[in-house]
Amino acid sequence: MFVSVLDGTVPTMSYDDATTPQPLVRVREVLDGDVPNGTHVVVHGTLEEVTVKTNEQTGQWAMGRLVDGKDSIDFWMFPRAFARSGRSCVETAGPIAATASVSGPPQRTALIVNSMERIEPHPEPGIDRTAV
């Protein structure tokens, strides 16, 4: 079991939380404190400074920065979430959608990721990307 490095609590997400649609928020809203600690959200962005580590007893986990436009926030993905999402999600250069819980005090707020998936970027109007 992992203890949050931010506030000493164990982040949990029940099955109901994970299957209930969560609000889509911008990183700036989280950083500004507009999203309360413990709120389950969906955030779109890209990943930077990702580190994947392995714990012999619990498995792989990841940490890094989720970037949304010009704003970024730390994220933590513990072993169960990492196993659900897979290594390819945290190693992608493209956009992702992360379902996460906001965790920590305002000055050190981070996202505890429950799941992550790659998403397709919105195509630019008038550009045919099907041609080889």
Side-chain angles (χ1 to χ4, degrees):
M1 178 179 282
F2 276 85
V3 175
S4 171
V5 295
L6 301 174
D7 62 7
T9 62
V10 177
T12 59
M13 180 180 260
S14 72
Y15 180 77
D16 289 338
D17 291 332
T19 59
T20 302
Q22 309 300 322
L24 179 63
V25 300
R26 306 284 305 190
V27 168
R28 175 55 37 206
E29 295 173 82
V30 177
L31 294 173
D32 287 346
D34 297 336
V35 182
N37 187 25
T39 302
H40 299 283
V41 298
V42 174
V43 181
H44 291 179
T46 56
L47 304 178
E48 292 184 356
E49 303 173 21
V50 176
T51 301
V52 175
K53 298 195 176 199
T54 302
N55 178 291
E56 288 183 23
Q57 296 176 348
T58 58
Q60 292 183 310
W61 60 280
M63 63 182 178
R65 306 272 310 156
L66 190 146
V67 180
D68 165 7
K70 62 183 177 185
D71 298 311
S72 68
I73 190 169
D74 288 333
F75 78 86
W76 298 85
M77 180 184 275
F78 296 120
R80 286 186 190 168
F82 190 94
R84 273 192 299 274
S85 299
R87 188 178 187 111
S88 63
C89 272
V90 297
E91 292 180 339
T92 186
I96 57 92
T99 302
S101 177
V102 176
S103 179
Q107 300 79 15
R108 293 183 10 198
T109 301
L111 297 174
I112 306 300
V113 175
N114 184 58
S115 66
M116 186 181 292
E117 61 186 54
R118 289 187 242 177
I119 55 176
E120 294 296 319
H122 296 290
E124 296 177 42
I127 297 178
D128 181 9
R129 299 208 185 269
T130 59
V132 178

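Any value given below was found using the heavy atoms of this structure, including those in side chains, with hydrogens, waters and symmetry copies removed. Predicted model, so just to flag it, every value in this text is computed and none were measured.
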Practice problem: For Arg87, enumerate each residue passing the side-chain hydrogen bond (donor to acceptor under 3.5 Å, both in side chains) test, keeping only those at least two apart in sequence or located in another chain. | Solution: Glu91
Quiz item: Roughly how far, to the nearest 0.5 Å, is OG1 of Thr54 from CD of Gln60?
Solution: 4.0 Å
Quiz item: Once you round to the nearest 0.5 Å, how far does CD1 of Ile73 lie from OG1 of Thr109?
Solution: 6.0 Å
Quiz item: Is Val67 reachable from Val42 through a run of hydrophobic residues whose side-chain heavy atoms are each under 4.5 Å from the next?
Solution: no
Quiz item: Can you tell me how far the CZ atom of Arg108 sits from the CG atom of Asp74, to the nearest 0.5 Å?
Solution: 10.0 Å
Practice problem: Measure the shortest side-chain to side-chain distance between Val102 and Leu111 over non-hydrogen atoms and say whether it is less than 4.5 angstrom. | Solution: yes
Quiz item: Nearest heavy-atom pair of Gly94 and Thr46: which atoms, and what distance?
Solution: O-CG2, 3.9 Å
Quiz item: Any idea which heavy atoms bring Ser103 and Ile112 closest together, and the distance?
Solution: CB-CG1, 3.6 Å
Quiz item: Which pair of non-hydrogen atoms, one from Arg65 and one from Ser72, has the smallest distance, and what is that distance?
Solution: NH2-OG, 2.6 Å
Quiz item: Minimum heavy-atom separation for Phe75 to Leu47, with atom names?
Solution: CE2-CD2, 3.7 Å
Exercise. With sequence neighbours excluded, tell me which residues meet side-chain hydrogen bond (donor to acceptor under 3.5 Å, both in side chains) with Arg26.
Key: Asp68
Quiz prompt | Met116 reachable from Val50 in the ILVMFWY side-chain graph, under 4.5 Å edges | solution = yes
Quiz item: With under 30° as parallel and over 60° as perpendicular, where do the rings of Trp61 and Phe78 fit, or are they tilted in between?
Solution: tilted
Exercise. Dump the intermediate steps for side chain to side chain contact (heavy atoms under 4.5 Å, CB included) on Arg84 and Asn114, then the final yes or no.
Key: CA-CA 8 Å; Arg84 273 192 299 274; Asn114 184 58; 2.6 Å; yes
Quiz item: Minimum heavy-atom separation for Val113 to Ala81, with atom names?
Solution: O-CB, 3.2 Å
Quiz item: Considering all heavy atoms of both residues, which atom of Val35 and which atom of Val25 are nearest to each other, and what is their separation?
Solution: CG2-CG1, 4.2 Å
Exercise. With sequence neighbours excluded, tell me which residues meet side-chain hydrogen bond (donor to acceptor under 3.5 Å, both in side chains) with Thr51.
Key: none
Practice problem: Compare all side-chain heavy atoms of Ser85 with those of Met77 and state whether any distance is below 4.5 angstrom. | Solution: yes
